[in-house]
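Reminder, nothing fancy here: chain letters follow the sequence lines and each chain counts from 1.
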Amino acid sequence: MESTSILLVEDNPDHEALTIRALKKAHVLNDIVVAHDGAEALELLFGVEGDPGRPPVPLPQLLLLDLKLPKVDGLEVLRRVRETPRTKLIPVVVLTSSDEEGDVVTSYRLGANSYVCKPVDFVQFMEATKQLGLYWLVLNEAPKRAKAAAGR
Amino acid sequence: MAVTGTISLAMGLLVVIGWHTGHILPSSNLLLESEPVRYNAGLCFLFGGIALLLLVRGQFGLVWLASAPVAIVGLLTGCEYAFTLNLGLDDLFFRTSELAPSIPPRMAPNTAMCFTLLGGALLLASEKPRALGNGAQAVVAALAAAVGLVGFIGYVAGVPAAYSWGRFTPMAAPTAAVMCALGLGVIAFAWRQYTAGSAGVPRWLPLVGALTLTAGSVALWQALHVLHPESALDVLILVMGLMQAALLYLVLHLLRSMRERAQQLRQLNTVLHIQMSSLERAERELQGRQAYTRSLIEASLDPLVTISPDGKITDVNAATEAATGCSRQELVGTDFCDYFTQPNRARAGYQQVFREGIVRDYELEIRHREGRLIPVVYNAATYQDRAGAVIGVFAAARDITERKKTEQALRYSEERYRALLVATAQVVWTTPPDGMVEDMPMWREYTGQTVEQVRGWGWLEALHPEDRERTAAVWSKAVETRSMYETEFRIRRSDGQYRHFSIRGVPVLEQNGSIREWVGTCTDIHERKQIEDELRRQAALLDLAHDAILVRDLQSKVVYWNRGAEETYSWSAKEAVGRLVHELLQTRFPVPLPDIEAAFLQNGEWEGELQHFTHEGRSIVVASRWSLQRDRNGAPANILEINRDISDRKQLEDSLRQRTLELENSVAELEAFSYSVSHDLRAPLRSVDGFSQILLEDYRDEVDAEGQDYLRRIRVASQNMGQLIDALLQLSRVMRSELAREPVDLSLLALSTAALIQKAEPSRQVRLHIANGLQARGDRRLLGVALQNLLQNAWKFTARNPDPNIEFGSTQKDGTTAYYVRDNGIGFDMTYVGKLFTPFQRLHAREQFEGTGIGLATVQRIIKRHGGRVWAEGAVGKGATFYFSLES
């Protein structure tokens with residue numbers, strides 16, 4: 001199933017609102033699906049085993065992933081996504097308030113496509129989000145196989 | 001005697017045969033007309049002759065057998081006459097009465113008496129000469145002879161009364177003649193016997209002679225008187241009788257003198273006998289003594305020999321035979337000198353004896369026939385005959401082989417001890433029992449003292465002055481208590497050098513316990529003494545060490561134990577030496593002991609930590625180093641072990657490790673905290689800022705200017721907060737990140753950092769002077785952070801200067817390179833310089849100069865982590881200079 005949705009994994013409702021507003025201001029029209037913790041994100045991506053009523057959602061075009069999450073943290077989600085062939089090629093942008101070197105390195109090692117530290121200054125944040133949307137949703141060409149895989 | 005015996009025998013045989021043949025008369029009347037000789041008489045003559053012949057031949061045992069019948073026949077016939085019996089004796093063997101009738105028809109009574117007498121005389125004969133026996137024999141025989149003589153003269157003169165007693169049968173003429181002869185034979189025998197037993201004329205001889213002569217002269221007188229009565233013959237007979245009497249006297253006189261002589265002779269004989277016996281005794285004694293002496297000589301173990309003046313051996317004893325291996329026969333007569341290894345010396349020896357009479361302890365060596373040599377010592381003396389002439393030498397040798405052996409053993413022993421003494425001691429000395437020195441040659445030789453100087457107490461002068469008094473005391477005490485003398489002192493050698501000596505002396509005791517002399521040695525111990533001193537000094541040094549230093553042998557037995565060891569283990573050296581070290585200290589090894597020992601023997605040393613237990617049972621940990629000591633030949637000799645008590649250090653290390661662990665835990669916690677801070681503290685700020693911005697954007701029309709100003713203040717505050725959090729995170733990261741040292745071009749780093757700062761504020765014009773080619777080693781990222789903070793500060797505090805100037809360079813301070821960032825900004829009051837580097841301390845109001853107050857703290861942290869130092873100089877209004885060095 002092909003989808004152009006964005007999966008935003010963000011536990012902080014404020015940040016969720018601010019991020020969505022920033023994306024809208026940047027004229028990103030794609031659906032935005034929100035998961036409020038790591039576990040929910042995994043359920044959306046992989047469905048719930050033994051629960052036919054909750055199948056996996058259509059694969060998103062972009063995964064915006066916070067790192068510090070309740071239940072299952074962002075790095076674990078990233079690891080699972082990259083482990084699973086079906087979700088392996090989804091572009092993942094880590095969007096987090098941590099600028100820890102360790103987090104950056106681990107994220108890239110697990111296969112993150114980008115790492116963005118959320119500035120405290122909202123003006124700067126909006127600017128960053130605008131560029132993110134422009135780059136990943138418009139300029140960036142996702143691999144065919146990803147599309148094929150996503151289309152199934 | 002033999003003749004008369006034979007006559008009697010022949011007469012007897014003749015009569016017996018005559019009777020048997022019937023020719024009695026012719027045989028009886030051979031010369032004169034008479035009665036026939038009776039058969040019995042013939043038998044008596046036969047036996048009487050046999051008896052006499054037996055006596056003459058010395059066959060005394062059979063005499064009685066032959067003489068008894070004679071006596072019995074005579075006696076029985078006499079009894080017939082005396083008691084007028086007729087026993088028929090004459091007819092017992094032969095019927096004589098028929099052939100020669102007579103009245104009575106028997107042997108004449110005088111004949112019977114004669115036979116009785118003769119038989120008795122013959123019976124009296126005995127083998128031993130006895131005066132009485134022989135005397136009686138002779139007298140009895142003389143009576144018979146006289147009767148026979150009277151009868152025979154009667155026949156010759158024709159006087160029947162002489163041969164016929166009364167009316168009884170007359171004696172036959174042959175009977176009378178033979179009777180006389182037989183009687184004389186018996187007398188002769190008695191004489192012979194008597195003279196054979198004891199010398200001299202028998203006493204009874206005169207009696208016998210007188211008897212015979214009287215009987216003869218009476219018979220002669222009677223016959224003449226009958227034939228020529230009243231003739232001149234009477235006178236002749238009378239004269240003859242007188243002559244006979246004179247003869248008798250003479251005989252008696254002779255007899256007496258003979259008796260006296262005999263007495264004298266007897267006495268002489270007795271004396272002689274006594275002398276003889278004493279001589280015999282003396283001779284026996286002499287013989288006994290000689291035998292005794294000889295046995296003594298023979299029994300002597302010493303070879304004894306007598307030598308003639310010409311040096312020939314005259315006698316030897318058994319010991320000499322044994323010593324030479326030659327028999328007495330071989331030795332006697334040979335040259336004495338031939339039996340010695342030094343014949344000339346032997347000759348000289350016995351010649352000396354002859355010359356001087358005696359020689360003592362003359363040593364020679366006997367050569368045994370089998371080649372064996374026997375060392376002997378000779379004592380020799382001459383011996384003389386009665387006249388005092390020397391007739392030989394008596395030489396006694398003593399085998400001194402054993403003595404020689406003993407002497408040799410003694411000499412060897414002495415030589416051995418002397419050699420030992422000389423080998424070990426430089427000076428050997430002796431003194432009399434009283435300790436007063438007479439002479440000590442070796443001492444003199446060593447010290448150069450003279451005999452006079454050394455005598456008495458003089459030897460003390462050769463001692464070091466400090467040692468004299470003490471030595472004198474010790475020596476006096478030793479002599480007084482007769483105990484061992486043992487001391488040390490310095491002796492002045494002949495070249496003047498004082499050398500340490502060890503002196504020992506002991507009293508040599510006599511068998512009775514008194515002191516014979518003192519013997520002692522002086523041994524040079526100078527080098528040893530010096531080595532000892534050196535060792536003592538070194539040992540003292542070892543004792544200064546706090547470490548336990550011990551030496552043990554290859555069996556782990558302690559041989560040295562310094563004071564440090566005593567202190568460490570509370571075992572004294574005395575207690576520890578000789579013990580097995582691992583046992584004593586209950587050593588616990590980190591790895592099995594055999595492994596350690598194998599490695600140790602291979603490498604010659606070992607290092608490790610051991611657990612030991614002290615005397616009190618306290619457990620301690622020591623850093624132990626073992627080192628194998630080798631002897632001169634390179635063989636392992638002993639083990640030097642140095643143990644340092646590191647129990648305290650161990651405890652410190654333990655507590656440090658604990659602390660480190662705790663710190664690491666807290667650091668980890670801090671990291672987690674920082675992470676939360678960086679993430680969670682910023683999140684609300686973002687909301688605050690975000691929503692404030694949204695209000696400003698979306699509700700600009702509903703919020704007046706004042707409200708918008710507040711919203712802007714909210715945003716500034718939250719952004720400041722965000723910066724503060726960033727700075728804190730940076731500081732915390734500086735504190736915990738690893739330091740990677742690498743060459744860093746500080747000039748380049750400063751340049752790029754300044755460019756960033758300039759870029760953030762392009763409007764400002766600041767003069768930058770950055771020295772070229774400043775190289776350092778350090779963590780590039782951290783040094784970048786430090787330079788950024790310093791340059792940022794300089795940038796910030798020069799904001800009000802119309803001509804801002806920032807300089808980065810280096811200078812030499814206290815021998816190290818110091819880098820500096822200098823500005824001409826507002827400066828600071830040096831009073832508060834200590835607060836500059838404290839976090840959150842600000843010297844300026846936030847309103848004047850924004851900043852977190854953490855920048856310089858971060859710089860200090862970075863520089864300190866590099867081992868360097870950071871300091872500042874400045875004055876208010878005159879700018880500030882921040883220095884840092886990277887290595888102390």
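Rounding to the nearest 0.5 angstrom, the gap separating the OG atom in B:Ser687 from the CG atom in A:Leu18 is 6.0 Å. Rounded to the nearest 0.5 Å, atoms CD (B:Gln719) and CZ (A:Phe122) are 12.0 Å apart. Interatomic distance, CD of A:Gln124 versus CG of B:Asp689, reported as 9.0 Å (0.5 Å rounding). Atom CZ of B:Arg686 and atom CZ of A:Phe125 lie 7.0 Å apart (nearest 0.5 Å).
Looking at every heavy atom in both residues, A:Ala17 comes nearest to B:Phe691 through CB-CZ, 4.4 Å. Residues A:Val120 and B:Ser718 share a closest heavy-atom pair of CG1-O, 3.9 Å.
A:Lys118 touches chain B through backbone and side chain together, each having a heavy atom under 4.5 Å away. With a 4.5 angstrom heavy-atom cutoff, A:Asp121 touches chain B via backbone and side-chain atoms both.
For B:Arg659, the CZ atom sits in a loose shell: 12 or fewer heavy atoms of surrounding residues, nucleotides or ligands are nearer than 6.0 Å. More than 12 heavy atoms of other residues, nucleotides or ligands shown are found within 6.0 angstrom of CZ on B:Arg764. Sparse packing is recorded around OH of B:Tyr699, with 12 or fewer heavy atoms of other residues, nucleotides or ligands lying under 6.0 Å away. Annotation for B:Arg712: atom CZ counts as buried by contact number, over 12 foreign heavy atoms lying within 6.0 Å.
For the options B:Val688, B:Asp726, B:Leu685, B:Ile694, heavy-atom pairs under 4.5 Å to chain A are most numerous at B:Ile694.
Counting heavy atoms from C-beta on, the side chains of B:Asp698 and A:Arg21 come closer than 4.5 Å. Side chains of B:Gln693 and A:Val123 form a contact here, defined as non-hydrogen atoms less than 4.5 Å apart.
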